[in-house]
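Some notes on the structure that comes next.
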Amino acid sequence: MDSIHIRGGNALFGETKIQGSKNAVLPILAAALLIEDVCVLENCPRISDVHHMLMLLSGIGCRVGRSGQTITIDARNVSEDTVSGENVAGMRSSIMLLGAMLGRAGEVTMGYPGGCVIGERPIDLHLNALRKMGVKIYEKEGVFTARAEKLEGAVIRPCVCSVGVTENVILAAVRAKGVTVLQNAAKEPEIVALCEFLREAGAVIEGIGGSVLIIQGGHKLHGVRFRIPPDRIVAGTYLMGVLGTGGHIFLEDAPVAQMHSVLRAAELAGAEVIVSRDGLSVMADQGRKALSLTKTEIYPGFPTDMQSLLMAALTTASGISVIEETVFENRFRIVEQLKKMGADIELRGKRQAVIYGVDSLLGCEVTADELRGGAALVIAGCMAEGETVVANRHFIERGYEDICRDFQNLGVNIYTEYGEKKIEKKETDEKNKYR
Ligand code: UD1
């Protein structure tokens, strides 16, 4: 149960469509809470993190509807100021509800957020930034209450350029009194999407996409219909898949303008990439080159979320590759699992991995313990000879709508136990038809 089976060793051929972005939809769902009206969000991925966020929003009093990839949020009657339930601890982005609830209700009580086990991931910078806006924080037994008698605009400069802190400040600032100037703001495309959503709803935000954001608070917000952009990390996952196995794939809707550093890494490794308005075409031979040094960095640098996916693809490159992780410590947990499959990787401290390319990987049982690392094991399974079983599929389902469907579209023999039963049953039905 809860696993993915892959019979690997073949090149990828085919095309698949890229789902909506997890890291864009989650803060936008939180932002819908600020709007005393109905919002319609299109192209929302059907992933468990979204499901959990919807449960949190319903718990606070939002009316939530879903039809396919479209989600409707009616936040006219928010009743609770406590964000409760196990979903808070299970999902890092529940922290977005801190800024949103302060903006909406002036007060919130919640547990500490969870998420992937990829490093310390404290929330000190979130709390410090909000304190500057007049928020007082009271902590008791793992639960904290944040309260603002009067939420006020401020000049804020977090010492680390953080995606989550930038989003939380934006969420609080659009409903605060006066102007907020946020320096050292993160520039990730998902922040741009959040700002565009809020701007369409009536917020006044300047400097979108830059490192200084100026937010004029207090403007009346109204309901909007908004399309969630496609997921650059999911597109990057399949790109790394074809880099690992060789082949030729087309990724419809891949957000190529946001993937510069990833496309460059793929080209340096020997892949040919062709971008078009409709998506991304990638061709790769099996004998790809090692990459001398790839460092993860804040956007537009190489994303930390792509690091383990690249590592999997490089395990069989010819030569020695080095990857340096500068954003999160503890993000090399996949190394032991890749070694089980025959990879030769040496860790130098917590931040650097040296990958000595081997001829091939061998399928075996491996265990995912976080989202992107889990997807990287699926890539390794596509590359490996024989059968690979990746346990803990639920981590992967936090961010991928249906990774088996997508890799099947690219020609991989991959299935969950449930999928196999379904396939077997269908085959039996087909056979019976001709008896
Ligand atoms: C977001 C993304 C995640 C991605 C990460 C970096 C979402 C839902 N998640 O996570 O997929 O990997 O950006 O691109 O969008 N830090 C502190 N104190 C804080 C907050 C952060 O020290 O209060 C540190 C973190 O430990 C980390 C660095 O700041 O070293 C950057 O983290 P941050 O950008 O905040 O990541 P998230 O918003 O959690």
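Whatever order the structure lists ligands and atoms in, that order sets their numbers, starting from 1. Not measured: the values here are computed from a predicted model.
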Using residues 207-225 as the side-chain source, report each donor-acceptor pair under 3.5 Å to any protein atom, sequence neighbours left out, with the distance given to one decimal.
from: His222; atom 1: NE2; to: Ala201; atom 2: O; distance (Å): 3.4
from: Arg225; atom 1: NH1; to: Glu42; atom 2: OE2; distance (Å): 2.4

Can you check whether Cys161 has an N/O within less than 3.5 Å of an N/O in ligand 1? no
Quick test of your reading of the model: are Glu152 and Lys150 salt-bridged, counting only N-O distances below 4.0 Å? yes
For ligand 1, which atoms, with element, lie under 4.0 Å from some heavy atom of Val160? 28 (C), 29 (O)
Work out whether the distance between some heavy atom of Arg331 and some atom of ligand 1 is less than 4.0 Å. yes
Any Ala186 heavy atom less than 4.0 Å from ligand 1: no
Quick one: do Arg331 and Asp305 make a salt bridge, cutoff under 4.0 Å? yes
Option whose closest heavy atom lies nearest to atom 33 (P) of ligand 1, chosen from Cys159, Ser162, Ser21: Ser162
Glu36 bridged to Arg175 by N-O distance under 4.0 Å: yes
Applying a strict 4.0 Å limit to heavy atoms, is Glu190 in contact with ligand 1? no
For ligand 1, note which part of Val163 has a heavy atom under 4.0 Å away: side chain, backbone, both or neither. both
Interfacing atoms of ligand 1 (cut-off 4.0 Å, heavy-atom, Gly164): 35 (O), 38 (O)
Is the shortest N/O to N/O distance between Asn23 and ligand 1 below 3.5 Å? yes
Only pairs under 3.5 Å count here: list side-chain donor-acceptor contacts from residues 227-239, not counting sequence neighbours, and write none if there are none.
from: Asp231; atom 1: OD1; to: Ile233; atom 2: N; distance (Å): 2.9
from: Asp231; atom 1: OD1; to: Val234; atom 2: N; distance (Å): 3.0
from: Asp231; atom 1: OD2; to: Lys22; atom 2: N; distance (Å): 3.0
from: Arg232; atom 1: NE; to: Glu190; atom 2: OE2; distance (Å): 2.7
from: Arg232; atom 1: NH2; to: Glu190; atom 2: OE1; distance (Å): 3.0
from: Thr237; atom 1: OG1; to: Ile233; atom 2: O; distance (Å): 2.8
from: Thr237; atom 1: OG1; to: Tyr400; atom 2: OH; distance (Å): 2.7
from: Tyr238; atom 1: OH; to: Asp406; atom 2: OD2; distance (Å): 2.8

If you measure every N/O of Glu167 against every N/O of ligand 1, is any gap under 3.5 Å? no
Could you tell me whether Glu336 and Lys340 make a salt bridge, using a distance below 4.0 angstrom between a side-chain N and a carboxylate O? no
Give me the one residue out of Leu102, Leu33, Asn168 that meets side chain to side chain contact (heavy atoms under 4.5 Å, CB included) with Leu97. Leu33
Looking only at distances, can you tell me whether any N or O atom of Val165, backbone or side chain, sits closer than 3.5 Å to an N or O atom of ligand 1? no
Just checking, is any N or O donor in the side chain of Thr145 or Thr109 under 3.5 Å from an acceptor N or O on the other one? yes
Name the option, out of Asn330, Thr304, Leu26, Leu125, that contains the heavy atom nearest to atom 6 (C) of ligand 1. Thr304
